[in-house]
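Quick notes on the structure that follows.
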2 protein chains.
Amino acid sequence: MEEINNIEVIPCTQSNYLKPLRVHYNQNGTKKTWDFMQTHDSVSVLIFNTTSHCFVLVKQFRPAVYMSEWERAKRQPPKSAEKTDEGSAEAAAPDSSEGQSASEGQSSSQWPLASTGITYELCAGLVDKPDLSLEEIARQEVLEECGYDVPVSKLRKITSYRSGVGVTGAKQTMFYAEVSDDNCVSAGGGEPQEGELIEVVKVPLHEAMTFAYDERLPKTMGVLFSFIWFHNNMSPKYKISTNV
Amino acid sequence: MEEINNIEVIPCTQSNYLKPLRVHYNQNGTKKTWDFMQTHDSVSVLIFNTTSHCFVLVKQFRPAVYMSEWERAKRQPPKSAEKTDEGSAEAAAPDSSEGQSASEGQSSSQWPLASTGITYELCAGLVDKPDLSLEEIARQEVLEECGYDVPVSKLRKITSYRSGVGVTGAKQTMFYAEVSDDNCVSAGGGEPQEGELIEVVKVPLHEAMTFAYDERLPKTMGVLFSFIWFHNNMSPKYKISTNV
């Protein structure tokens, strides 16, 4: 699906996005230091289409995930490389019929398949608009990323939790939104002018748990958690037939 | 429980822990740039004590979470502040009978209660020992943090997922470990020489789901997901009586 090439990695001394801070503090009288970064809180939305009985997810190339796979491939050369000189890091990457590895500027054997950096996620967004409520931000993300126009009143809060505790410590609030084909007003896909290249993906209800536990399909824990939440809380209305 | 004071925040230009990198790449012919950080993969372990029918979690002060609460308190002054000049940021912090706010070097009204930075988490650790399997690393964490000595063969893999997709893209693998009081060989609490101040917390099975969805108790999504996973997969053996 994605063609990723001309990859170049450099140290980042000045970033508009990543600004490491250091906090010195005393904890019960002991001097301590911690390096961290401040990020925005976020919202995520489990979208269920009641017309097609599908969950609506987004799928996108995530450079940080791709680079993590690259590091893993470097650390763990494929077993076949022990027998022949032709083993490449690509062979260690998850199976995929899609994707192209980099070929220019770097040896292609260094770069995993592009598909290893593509993750399935809930529709989500940062809480970076002080004038909007969490529900209004969630509503905007559902519209921009997935193309469904749902009123704020249809968003049900599931719960909130910490999206990180080590490097960042932001809070994420998860919502549930039931939509129908009638609410679909565009193809979604994010804001191309902001560089978003998002693909909307439908996961049929009866395949949801198999999808969730298929580790060959990289995903966030939010997908896993929300699918099980749906199973346990929406089951009077909709049945997931497979094991959870 | 925790006394946090003498808090000082400074820009962090050189960190042994946070090393921002920048990747330039072409995606389907479009030039793109992304700032990210490489972190280790990790393991987490849902521990269930079959003697006391409790989940075993860890609880610790997380500076990044605390600083996130501090930012939130600054952005959202308490409503009472609109009426009087005495409203302080502390009033906006979650209710807690524990914790002390900072008082030296900074105005105490700037700092939330220490308890707002204390999170409930699954026992977890970084995959930073190349010679050990994921199961062996998980086993070590269960012993060091929670004091239970369980054989690797007792660890059951639940699944894996991306612990981050934006700033970092590491993978986390979650395990399930059944322990009994007979496996308890120490009080746990982490490695004090490494600065770990971890408290072991038991959550009774019958209170688990109420605990999971109580947003006043800051926690990771791993706690939520694993508790529901247990409910759905271990229910033939153990019953969670409350709603999930």
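Here is how names work: the chains are called A, B, and so on, in the same order as the sequence lines, proteins then strands, and each is numbered from 1. Here the structure is a predicted model, which is why all the values come from computation and not from measurement.
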For [X], is it the side chain, the backbone, both, or neither that has a heavy atom closer than 4.5 Å to a heavy atom of chain B?
| X | value |
| --- | --- |
| A/T119 | side chain |
| A/D214 | neither |
| A/K171 | both |

Please report the shortest heavy-atom distance between [X] and [Y], naming the atom on each side.
| X | Y | result |
| --- | --- | --- |
| A/V23 | B/V9 | CG2-CG2, 4.2 Å |
| B/A64 | A/V165 | CB-O, 4.1 Å |
| B/L21 | A/P11 | CD2-CA, 3.9 Å |
| A/N232 | B/I228 | ND2-CG2, 3.0 Å |

Roughly how far apart are [X] [atom1] and [Y] [atom2], rounded to 0.5 Å?
| X | Y | atom1 | atom2 | result |
| --- | --- | --- | --- | --- |
| B/M174 | A/L224 | CE | CG | 8.5 Å |
| B/Q27 | A/I4 | CD | CD1 | 4.0 Å |
| B/R162 | A/R62 | CZ | CZ | 12.0 Å |
| B/L197 | A/K32 | CG | NZ | 4.0 Å |
| B/E71 | A/Q38 | CD | CD | 4.0 Å |
| B/K219 | A/S160 | NZ | OG | 7.5 Å |

Checklist entry - Would you say A/R22's side chain and B/Q14's backbone share a donor-acceptor pair under 3.5 angstrom? => result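 Present.
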Next on the checklist: Using a 3.5 Å distance criterion without hydrogens, assess whether the side chain of A/N6 forms a donor-acceptor pair with backbone atoms of B/Y25.
Outcome noted: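 A pair under 3.5 Å: no.
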Item to check | Check: A/R72 and B/D41 side chains under 4.5 Å, non-hydrogen atoms | outcome: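 The answer is yes; the side chains approach within 4.5 Å.
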Item to check | Within-4.5 Å side-chain heavy-atom neighbours: B/Y66 and A/F36 | outcome: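 Contact flag for B/Y66/A/F36 side chains = no.
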Checklist entry - Which of the residues A/S15, A/A170, A/G222, A/G166 is involved in the greatest number of heavy-atom pairs with chain B at under 4.5 angstrom? => result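 Looking at each option in turn, the highest pair count goes to A/S15.
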Item to check | CA sep, side-chain torsions, deciding dist, call: B/Y161, A/F225, ring-ring contact (aromatic ring centres under 6.0 Å, His included) | outcome: CA-CA 11 Å; B/Y161 40 82; A/F225 166 64; over 10 Å; no
